[in-house]
Amino acid sequence: MSFDQVLNQKAFINGNWVEGSGSKQFAVTNPATGETIIEVSDCTAQDAENAIAAAKAAFKPWASKTAKERCQIMRRWFEIVIEHEQELAELLSTEQGKPLAEALGEIRYGAAYIEWFAEEARRTYGDIVPTPKGDARVLVMKQPVGVVAAITPWNFPNAMIARKAAPALAAGCSIVIKPAEDTPLSALALAQMAKLAGIPDGVINIVPTSDAQAVGNVLTTHEDIAKVSFTGSTQVGRLIMRNGAETIKKLSLELGGNAPFIVFDDADLDRAVDGAVTSKYRNSGQTCVCANRLYVQAGIYDAFVEKFSAKVAELKVGGAFESDVALGPLINKAAVAKVEELVGDAIDKGASVTIGANPSDKGELFYNPTILRDVSRDARVLREEIFGPVAPVIKFDDEADAIALANDSEFGLAGYFFSKDLGRVWRVAEALECGIVGVNEGVTSAVEAPFGGIKQSGLGREGSHYGLDDYLELKYVLMGGLAE
Ligand code: ADP
């Protein structure tokens, strides 16, 4: 297929490509150039209703297929995505801005969720439990929750969808997906691949829209939606939780993070520097698990800042298709404005700039990789999710100080630390208040591992064998009267 052949313009409802009921479109732009890529159907609340009706009709037939049948169709979906990984990566880079190599990594990462959950579909075992009554047995079986709504962000336009759709389908659920307004094209292309794979009509539906609130309200309040899986800001997460209260929706929420990245005196310095570079600057700092605050112990603080700055100075900023580019543009003007505001606040409160802290001459949405040292502990950049290529580096004295600083946040998604002391590794890993801990590693994501946060970073886990549970209900059946 060519790039143009994976570029879809219409919404995907009940296996058909349809115009929105309002007959309107909205523009999807390339953040690197500001140019419109294509105008996409702008779905309304009515379209969301239609998609839910289609998903409801498709649910029982899909759930009644054997797990092996679902597995085979999903495997085909995985294979087709991999066959077209180059075109899908190009599409992703064009709408989102990340370097092509990173986009290709995301397509493979997203596909790996489809592969993994295709396999897990066949392992939704129940239990038979001994009971105190001799003539009875307790059976526990697992059944799909029903129709799922997914609302996803723009930072991983493919993987965030695969990570929700794959476990939903494996469990036997059908799904309606509202992709982020900045990046609906990768979602539509994934649906296109699903159709080619033979996923039945109505099992996957995609409703792109520029009106997140109208469509989001339907998806999060409709009585035929059993569960909402959301990835995005904590603010919208709260709203979705409130919306779901009336009909007691099951919820998976992957919300904001404020990841601490701690380097102890005894760390392997080069490894810590490499970990900081990838953790901080991947996707131009626009991931919810990006290092947000770097705490470095006093004894190696200056050495760390020096080596880290030298590495970061080598990072090339540019368009996704330039060679050796490490950082693409930020997603939109609001993202650039927020980064500038946080950097300004840190400098006003006494931080000094080691590198960057200015827009790049590559274009309106490009911002240079930035390191701020001696950042005051009350700077906003340590409290708020930066979502940009800015690394504030703060000095700490001892282990207790580091743990207290790291845990001083309402968020609890990812945390990282570097140390070679085995006792410290155990102590700190257990003490950090977050759902994911990277020890001597700056990137932790893997389909085999449970991804998710504690505190106000969310509910539920994605990926791993635990990830399927979020889409399954337990049913307890008491089998009585078994005596002769
Ligand atoms: P970000 O700051 O990363 O864009 P958001 O939480 O605003 O995070 O967006 C994540 C997803 O939530 C997007 O698909 C967006 O369209 C959607 N969204 C935004 N507002 C609402 C809302 N009121 N109801 C439902 N979904 C919403």
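Read the numbers this way: they start at 1 and go in the same order the structure lists the ligands and their atoms. For the single chain, residues carry numbers from 1 onward in sequence order.
Among all protein heavy atoms, the one lying closest to atom 25 (C) of ligand 1 is G216 CA, 3.6 Å. For atom 18 (N) of ligand 1, the nearest protein heavy atom (residue, atom name, distance) is A212 CB, 3.7 Å. Of the protein's heavy atoms, W154 NE1, 3.9 Å lies nearest to atom 1 (P) of ligand 1. Given atom 2 (O) of ligand 1, the protein heavy atom at minimum distance is S233 CB, 4.3 Å. The protein heavy-atom contact nearest to atom 14 (O) of ligand 1 is T152 O, 2.7 Å. In this structure, atom 27 (C) of ligand 1 lies nearest to the protein heavy atom V236 CG1, 3.6 Å.
Interface of A180 with ligand 1, defined as ligand atoms under 4.0 Å from a residue heavy atom, comprises 14 (O). Near G232, meaning under 4.0 Å from one of its heavy atoms, ligand 1 places the atoms 6 (O), 10 (C). Residue I151 approaches ligand 1 through these ligand atoms, each under 4.0 Å from one of its heavy atoms: 11 (C), 12 (O), 14 (O), 17 (C), 25 (C), 26 (N). Heavy-atom contacts of L239 reach the following atoms of ligand 1: 22 (C), 23 (N) (cutoff under 4.0 Å). Within ligand 1, counting atoms from 1 as listed, the ones closer than 4.0 Å to a heavy atom of E181 are 15 (C), 16 (O).
Between K178 and E181 there is a salt bridge, since at least one side-chain N of the basic residue sits less than 4.0 Å from a carboxylate O of the acidic one. In summary, E384 and R293 do not engage in a salt bridge, as defined by a charged side-chain N under 4.0 Å from a carboxylate O. Between D274 and K311 there is a salt bridge, since at least one side-chain N of the basic residue sits less than 4.0 Å from a carboxylate O of the acidic one. A salt bridge links K250 with E473: the closest approach of a Lys/Arg side-chain nitrogen to an acidic carboxylate oxygen falls below 4.0 angstrom.
More than 12 heavy atoms of other residues, nucleotides or ligands lie within 6.0 Å of CZ in F26, so this atom counts as buried by the packing criterion.
Aromatic ring pairs are classed by plane angle as parallel below 30°, tilted from 30° to 60° and perpendicular above 60°; the pair F117 and Y113 is parallel.
Within the structure, salt bridge (charged side-chain N to carboxylate O under 4.0 Å, His left out) contacts touching residues 212-240 (residues at least two apart or in different chains) are K56-D224. Among residues at least two apart or in separate chains, ring-ring contact (aromatic ring centres under 6.0 Å, His included) pairs with a member in residues 153-207 are W154-F387.
Evaluated for a side chain to side chain contact (heavy atoms under 4.5 Å, CB included) with S284, the options V317, N155, L327 yield exactly one hit, L327.
Contact annotation for atom 12 (O) of ligand 1: protein present (non-hydrogen atoms, distance under 4.0 Å).
Only the side chain of F230 comes within 4.0 Å of ligand 1, counting heavy atoms alone; its backbone N, CA, C and O stay farther away.
Here's the thing with Q213: none of its N/O atoms is less than 3.5 angstrom from an N/O atom of ligand 1.
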